[in-house]
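Atoms considered below: every heavy atom in the structure, side chains included; atoms not considered: hydrogens, waters and symmetry mates.
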Amino acid sequence: MAKMNEMTQVIDAQTNTAPASARAKSALPDAQTVTQVTHWTDRLFSFRVTRPASLRFRSGEFVMIGLMGDPDPKTGKQKPLLRAYSIASPSWDDELEFYSIKVEDGPLTSKLQHIQPGDQIILRPKPVGTLVHDALLPGKRLWLFATGTGFAPFASLLRDPQTYEDYDEVIVTHTCRTTGELAYGAQLIDSIRQDEILEELIGGGFADKLRYYPTTTREESAKMGRITDLMRSGEVYEDLGVPPLCPETDRAMICGNLSFNLDLKALFEEYGLREGANSAPREYVVEKAFLD
């Protein structure tokens, strides 16, 4: 795993943070104030917003967020543009963090990518989702499989004390096209390993349970290939020094593009794992609301 460390090198991200005085009180229903924006690449950015005092959520859940759309040319009225976004911050955080792609002609992200600290977004405080601990049966090893911005819910779960209390080992895989697109996740993993607050919350040595396995599919890197191909070849297991997934010991969560989700679901079924839900915990779960 020594060469895996090469993948933790991150790009210089451009971050803008709002001073405390700019964190204005919400002027619209369900509106929250942007406190920080970080642009990781020309396609990816993350941002933090104030958290409603009444909002309670389980790490791994998502909420609907958005902005007001353009005025109707006939009536002049505006309607909210809302999309499902996984909360990337842990449930104990005072603020909420989100991780997003930039789509030039996307109805929402074409506008959202230009937000600045002090701006407001709409946030519907009704969290839901399947990537939660309650949807999995007890196990020994937790696998988190992500592509692109599908890393977001795992950014929340990886900072949740329960993740390390419930499992002896936590393995997060992140597959992107280029090394630059891995920067958000790589920096987060580094920060977790050095986080004194988390160590106080969870206990010393918790980070020893965390394994990080990033891969790229287009740009040359320390480890290339789709995670599904690396699993079928057995390479990922050899690299990590662990046995293939087993329903008796392994639990898994998936968050990625549709083809990725379907490929992993088929692979899990071959391993004998069953898909779970909040109402019926099993060995793996998939976030169906996410499309990268």
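- Between Ile101 and Leu44 the shortest side-chain heavy-atom distance falls below 4.5 Å.
- No side-chain heavy atom of Tyr271 sits less than 4.5 Å from a side-chain heavy atom of Cys246.
- Exactly one residue among Ile65, Leu96, Asp30 makes a side-chain contact (heavy atoms from CB on, under 4.5 Å) with Ile121. That residue is Ile65.
- Using a 4.5 Å cut-off on side-chain heavy atoms (C-beta onward), Leu144 and Ile171 make no contact.
- Residues Met231 and Phe145 are in side-chain contact: their nearest non-hydrogen atoms beyond the backbone lie under 4.5 Å apart.
- The shortest side-chain heavy-atom distance between Arg282 and Phe268 does not fall under the 4.5 Å cut-off.
- Between the side chain of Gln113 and the backbone N or O of Thr109 there is at least one donor-acceptor pair closer than 3.5 Å.
- Between the side chain of Ser59 and the backbone N or O of Ser91, at least one donor-acceptor pair lies under 3.5 Å.
- Note: Tyr85 and Phe62 fail the aromatic proximity criterion, with ring centroids not under 6.0 Å apart.
- Within the 3.5 Å criterion, the main-chain N or O of Phe260 finds no donor-acceptor partner in the side chain of Asp263.
- Within the 4.5 Å cutoff, the side chain of Met253 has heavy atoms near those of the Phe154 side chain.
- For Arg251 (side chain) and Pro138 (main-chain N/O), a donor-acceptor pair under 3.5 Å exists by modelled atom type.
- Formation of a donor-acceptor pair under 3.5 Å by the Glu61 side chain with backbone atoms of Arg58 is found in this model.
- For Thr147 (side chain) and Asn257 (main-chain N/O), a donor-acceptor pair under 3.5 Å exists by modelled atom type.
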Exercise for review: Under the salt bridge (Lys or Arg N to Asp or Glu O under 4.0 Å) rule, what do Arg177 and Glu219 come out as? Steps first, then yes or no, please.
Suggested key: CA-CA 6 Å; Arg177 300 180 308 170; Glu219 183 181 357; over 6 Å; no
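- Applying the salt bridge (Lys or Arg N to Asp or Glu O under 4.0 Å) rule to Arg48 yields the partners Asp93, Glu95, Glu97; only residues at least two apart in sequence or on another chain are considered.
- Between the side chain of Thr75 and the main chain of Lys77, a donor-acceptor pair closer than 3.5 Å is present.
- Here the side chain of Asp239 pairs no donor or acceptor atom with the backbone of Gly234 at under 3.5 angstrom.
- Below 30°, between 30° and 60°, or above 60°: for Tyr99 and Tyr184 the angle between ring planes is below 30°, a parallel geometry.
- Looking at heavy atoms from C-beta onward, Arg159 lies in side-chain contact with Leu198 at the 4.5 angstrom threshold.
- Salt bridge absent: Glu169 and Lys209 never bring a charged side-chain N and a carboxylate O closer than 4.0 Å.
- Under the 3.5 Å distance criterion, the side-chain polar atoms of Ser233 are matched with a main-chain donor or acceptor of Glu235.
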